[in-house]
Amino acid sequence: MEDFKQVELLIVEDSEGDVELILRNLKKNKLANNVYVVRDGAEALDFIHATGQFGGRLGAGNPKVIFLDLKLPKVNGMEVLRQVKSDERTRQIPVVIMTSSGEDRDLKEAYAVGANSYIVKPVVFDDFARLVQELGLYWIVTNRSPR
Amino acid sequence: MNPVADDTPYLADPGLVRSALMNILDDFNSEKLALRDLHAAMMNILDDIDEERRQLGLAKDALEASNRELEAFSYSVSHDLQAPLRAISGYSRALVEDYQSVLDDQGKHYLGMIEKYGTKMGRLIQDLLAFSRLGRRHITKVTVDMEESANEAFLELTPDSTVRRVRFHVGRLPPAQGDRAMIHQVFVNLLGNALKFTRSRTEAEISVTSYRSDEGVVYSVSDNGVGFDMKYSGKLFGIFERLHNENEFEGTGIGLALVARIVTHHGGRIWASSVVDQGAEFHFTLAGKE
C-alpha cells in the first residue's frame, strides 16, 4: 500500500505531456519526492476525500498544495475546486489553478470559488520550466498553510 | 330676435327622405365594404409583421447560437490547442538538454527548429485568441490620458531595446474618449512595431504626436525605421499579412489588424504612410466627425 502521508503536492492533470514535463522540472529542482498525480476530476475528488480507490488515505491528512488543471475528464477542475473549497475539512488546502486558458471568465470564476492562485501555463518551454520551479519552491518550501 | 330664425316646423317630403336614407345606406354599405377591405388588409399586414417578427426571432436565435458556438470554439482552442504545442517544444528541449552527448550538431539543430516553430505556433494561437476576444468585448469609454498611455506602453516595451539608443518623444496629446486597455494595446502594438523596424538604426527615433483635422484629433506614431513600400499599404492592416519575411523581422501578422479593429470599434480610422528606408508614420482617430 502506498504511503499517502508523505504527499505534499497533488497534481491533477490529464495531459501526459504536461505531467511529465512538470515532474521533470520538479525533479531537476529536487522537489519531486512527495508528489502524487491523478488524471481526472473524479480521481482528484476521491483522493482528496479519501474515498473510492483512495479509501486507504483516510487519516493521512491533506496535501500541502494542489495543482489543478481546469479542463479535465469526468469532473472538470472548476467543480473539483468548488467541492474542495465548500468542504470545511479541505477548504484550507491551497489550490493553484494551472491551465492553458487565459479566458477572463475562468479567471473570475476560479477566484470567486476560492482559488489561491491562477497560472496560465506558458507554451514557451523556458517560461514553463521556470514557472514550475518557482511554483514548486514557493508552494512546497516557502509557503505555510495549516495541515 | 334673430331675423333668420325660422320657427316654422320643417315638414319633410317622405319620398325625398326615403331616397336620402337609401343613399345614406348605400354609402354606408360601400363604406362598410371599404372598411372590410381595410380590415382585411390590416390583418394581412399584421400577419406579415408577425411573420417578419418570427423570422427576426429565428435569425436572432441563429445568430446567438452561432455566437455561442464561436465562443465555445475559441474557448476550446485556447484550452486544447496549446497543450500539444507545449509538449512538442518541451520534449524537443528535454531531448537537447538530457541527451546532449548522443546528439550531433545537426540533430540539435533539428530539435531547435521543432522547438522554434512550436513556440511560433503558440504565439499565433495566442494572438488569434486576443483578436477574436476583442470582437466579443464591450468598449468601456472613459477619458484616457493619451500621453500617459503612450509613455506606459513604451516603458512596457523597452526591455527589448536595451542595447541601442532609442530617442522617444511624446508631444502634447489631447485626452481621448475610449477604452483604456484597448488604447493601451494600440500604443503597445504601434510602438512595438516602431521599435522592431528601427532595430537596424544606431539611433532610433520614435515619436507620438497629434494634430487637429476636420475628423477631430489625429494621433500619430512615427519612426525612422525601414518603412514599407506604399504599394502594399492596402495589406498593412489585414490579418496575417506581413510585409517582411521572417528572417528580417519576426511577427505573426496580427498586430496591426488588432490595432485597426480597436480603432474602428471606437468609430475611428487608421492609415499609414511611409518611404522605404526612411521610416513610417501611423495615424489614427478614435471617433468620427463630431
Side-chain angles (χ1 to χ4, degrees), chain A residues 11-29 32 37 39-41 67-81 97-110 118-133 135, chain B residues 67-68 70-100 108 111-138 140 159 179 181-182 185 250 252:
Chain A
I11 296 175
V12 190
E13 172 65 73
D14 68 319
S15 153
E16 192 185 351
D18 278 353
V19 168
E20 266 192 31
L21 293 170
I22 290 171
L23 290 178
R24 175 179 179 270
N25 287 296
L26 288 175
K27 254 177 220 140
K28 289 212 156 189
N29 295 287
V37 179
R39 303 299 290 274
D40 64 53
F67 289 179
L68 178 64
D69 189 13
L70 283 184
K71 214 166 184 211
L72 292 167
K74 294 181 188 168
V75 181
N76 72 33
M78 205 62 85
E79 183 54 32
V80 173
L81 178 66
I97 302 295
M98 286 182 79
T99 169
S100 296
S101 145
E103 295 280 322
D104 245 15
R105 59 170 167 167
D106 282 344
L107 187 65
K108 281 182 189 143
E109 193 183 347
Y118 189 105
I119 308 293
V120 177
K121 288 181 277 192
V123 171
V124 177
F125 184 70
D126 282 335
D127 300 343
F128 188 60
R130 196 176 327 117
L131 181 82
V132 170
Q133 180 189 351
L135 282 178
Chain B
N67 266 346
R68 266 197 306 276
L70 207 63
E71 208 166 307
F73 174 75
S74 77
Y75 186 78
S76 159
V77 166
S78 94
H79 269 284
D80 298 340
L81 228 58
Q82 304 203 62
L85 277 175
R86 192 165 40 248
I88 289 168
S89 54
Y91 279 106
S92 41
R93 174 59 75 86
L95 267 177
V96 174
E97 282 178 5
D98 300 354
Y99 293 86
Q100 289 239 19
K108 281 177 207 158
L111 287 168
M113 293 305 266
I114 293 174
E115 196 194 335
K116 178 179 156 190
Y117 283 99
T119 303
K120 181 169 184 201
M121 187 165 169
R123 219 160 264 145
L124 265 169
I125 293 174
Q126 261 152 23
D127 286 356
L128 205 60
L129 283 172
F131 190 73
S132 92
R133 227 174 263 143
L134 195 68
R136 289 182 266 142
R137 244 189 77 182
H138 280 292
T140 320
D179 186 291
M182 289 192 193
Q185 191 65 50
E250 73 291 346
T252 54

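Naming: A, B, ... by sequence-line order, numbering from 1 per chain. Note that this is a predicted model, so its numbers are computed, not measured.
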- Message: Quick check on A/E16: does its CD atom have over 12 non-hydrogen neighbours (other residues, nucleotides or ligands) under 6.0 Å away?
- Response: no
- Item | Heavy-atom pairs under 4.5 Å with chain A, option from B/G122, B/G118, B/A94 with the top count | B/A94
- Message: If I compare all heavy atoms of A/S100 with all of B/A83, which pair ends up nearest, and what's the gap?
- Response: OG-N, 4.2 Å
- Query: Is there side-chain contact between A/R24 and B/R93, with heavy atoms separated by less than 4.5 Å?
  - Reply: no
- Message: Would you say B/R86 and A/S15 are linked by a side-chain donor-acceptor pair, where the criterion is simply a distance under 3.5 Å?
- Response: no
- Minimum heavy-atom separation for A/G17 to B/A87, with atom names? CA-CB, 4.5 Å
